[in-house]
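Read through the structure below, which is laid out as structure tokens, and then see the notes.
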Amino acid sequence: MNAPRIAVITGANRGLGLATAHALARRGFAVVLTYRGEADDAFRAVKEIRAAGGDAITARLDLADTASFADFTVSLRRDINERWGRSDIDVLVNNAGIGLFGRLEDATVDEFDALMGTNVRGTFFLIQALAPHIGDGGRIINVSTSLTRHVSLGTSLYTASKAAVEAITRTLAVELGPRGIRINSIAPGPTATDFNGGAMRDDPDLRSSLADQTALGRVGQADEIADAIAALASSELRWMTAERVEVSGGTLL
Ligand SMILES: NC(=O)c1ccc[n+]([C@@H]2O[C@H](COP(=O)([O-])OP(=O)(O)OC[C@H]3O[C@@H](n4cnc5c(N)ncnc54)[C@H](OP(=O)(O)O)[C@@H]3O)[C@@H](O)[C@H]2O)c1
């Protein structure tokens, strides 16, 4: 049996990351789901993926703990070698991230450090740690936000962190291009997950006001973002790198 293509997805225990794990598994990728806290959700997802005929394993990763990335890389390579006979990966989806929102006068240095530490520092140094182990011709997909294009009150720090992710995406495309590695960012609009306390899923007033701002008339669902990430991971988009792809149902056009 041929060794499978391998995709690593950060923050895959829930939300967009979990949906992406399923979307990539359905397309034949062997999937590594990283989780930070309790493993139960990630283990359940592995069972579901295997029951559906795919394959997956889990790996623990705290994106805020850059000091752990060297050990994470070693154990990731050991685990994929044990299960799939490979020590390199094909796709890295940098999905894990946090959102902290508030107006200028309420922002704190701790919030700034948490946002930048997870969304920017964690993403950048995870790419640094794993890039040598992404096979030539691989892909990296970084999750940004539609907020880097339009403005919404109280989102300055969060948006700054994702604008940095987009800048990292564009600039690293030049460094990784000689190895045929494509790197793109995907910018979801409001999507019904636990994000922001689950507001986009659970708050009917917010949902309805966001729907009014959207050409397609509703907030997005996790699988709609996941399918777009899977498209970026596919060879159909093999000539695309350094791009920002927005998947927002036409938010605030
Ligand atoms: N939902 C939206 O409307 C929306 C829109 C635009 C962009 N995004 C972006 O999409 C990505 C996924 O969001 P989501 O909607 O799926 O949110 P979510 O349901 O809140 O999930 C966030 C995921 O990130 C993980 N995570 C957070 N901090 C981490 C850390 N330090 N180390 C490792 N994992 C960490 C979480 O793990 P735990 O379970 O351990 O907390 C969880 O798996 C984020 O980057 C977010 O900024 C979301």
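Indexing begins at 1, ligand by ligand and atom by atom, following the structure's order.
- Among protein heavy atoms, atom 33 (C) of ligand 1 sits closest to Leu61 O, 3.3 Å.
- Test Asp194, Thr193, Asn196 against Arg201 for side chain to side chain donor-acceptor pair (under 3.5 Å) and you get one pass: Asp194.
- Polar contact check, Thr145 against ligand 1: no nitrogen or oxygen pair lies under 3.5 Å apart.
- When heavy-atom distances to ligand 1 are checked against a 4.0 Å cut-off, Tyr35 has no atom that comes that close, whether in backbone or side chain.
- With a 4.0 Å cut-off on non-hydrogen atoms, Pro188 touches ligand 1 through its backbone as well as its side chain.
- Around the CZ atom of Arg83, the shell of radius 6.0 Å holds more than 12 heavy atoms that belong to other residues, nucleotides or ligands.
- For a threshold of 3.5 Å applied to N or O pairs, the pair formed by Leu16 and ligand 1 contains at least one separation below that value.
- For atom 27 (C) of ligand 1, the nearest non-hydrogen atom from the set Gly97, Gly15, Gly11 belongs to Gly97.
- The shortest heavy-atom distance from Ser146 to ligand 1 is not under 4.0 Å.
- Here the protein heavy atom with the shortest distance to atom 40 (O) of ligand 1 is Arg36 NE, 3.1 Å.
- Using a 4.0 Å cut-off between charged nitrogen and carboxylate oxygen, Asp223 and Arg26 do not count as a salt-bridge pair.
- For Thr10, the closest heavy-atom approach to ligand 1 does not fall below 4.0 Å.
- Ranking the protein heavy atoms by distance from atom 4 (C) of ligand 1 puts Phe195 CD2, 4.1 Å first.
- Considering only non-hydrogen atoms, atom 26 (N) of ligand 1 lies nearest to Ala96 out of Ala187, Ala96, Gly17, Gly99.
- Side-chain atoms of Asn184 come within 3.5 Å of backbone atoms of Ala242 as a donor-acceptor pair (strictly under, hydrogens ignored).
- Nearest to atom 19 (O) of ligand 1 among the protein's heavy atoms is Arg14 NH1, 3.4 Å.
- Leu253 CG: more than 12 foreign heavy atoms inside a 6.0 Å radius.
- For atom 9 (C) of ligand 1, the closest non-hydrogen atom of the protein is Val143 CG1, 3.7 Å.
- Within the set Thr34, Asp65, Leu63, the minimum heavy-atom distance to atom 30 (C) of ligand 1 is found for Leu63.
- Within the 4.0 Å heavy-atom shell around ligand 1 one does not find Gly122.
- Of the candidates Lys162, Arg149, Glu166, Ser144 forms a side chain to side chain donor-acceptor pair (under 3.5 Å) with just one, namely Glu166.
- Under the 30°/60° scheme for interplanar angles, the aromatic rings of Tyr158 and Phe195 are found to be tilted.
- Nearest protein neighbour of atom 31 (N) of ligand 1, counting heavy atoms only, is Asp62 OD1, 2.9 Å.
- Nearest non-hydrogen protein atom to atom 11 (C) of ligand 1 is Asn95 O, 3.1 Å.
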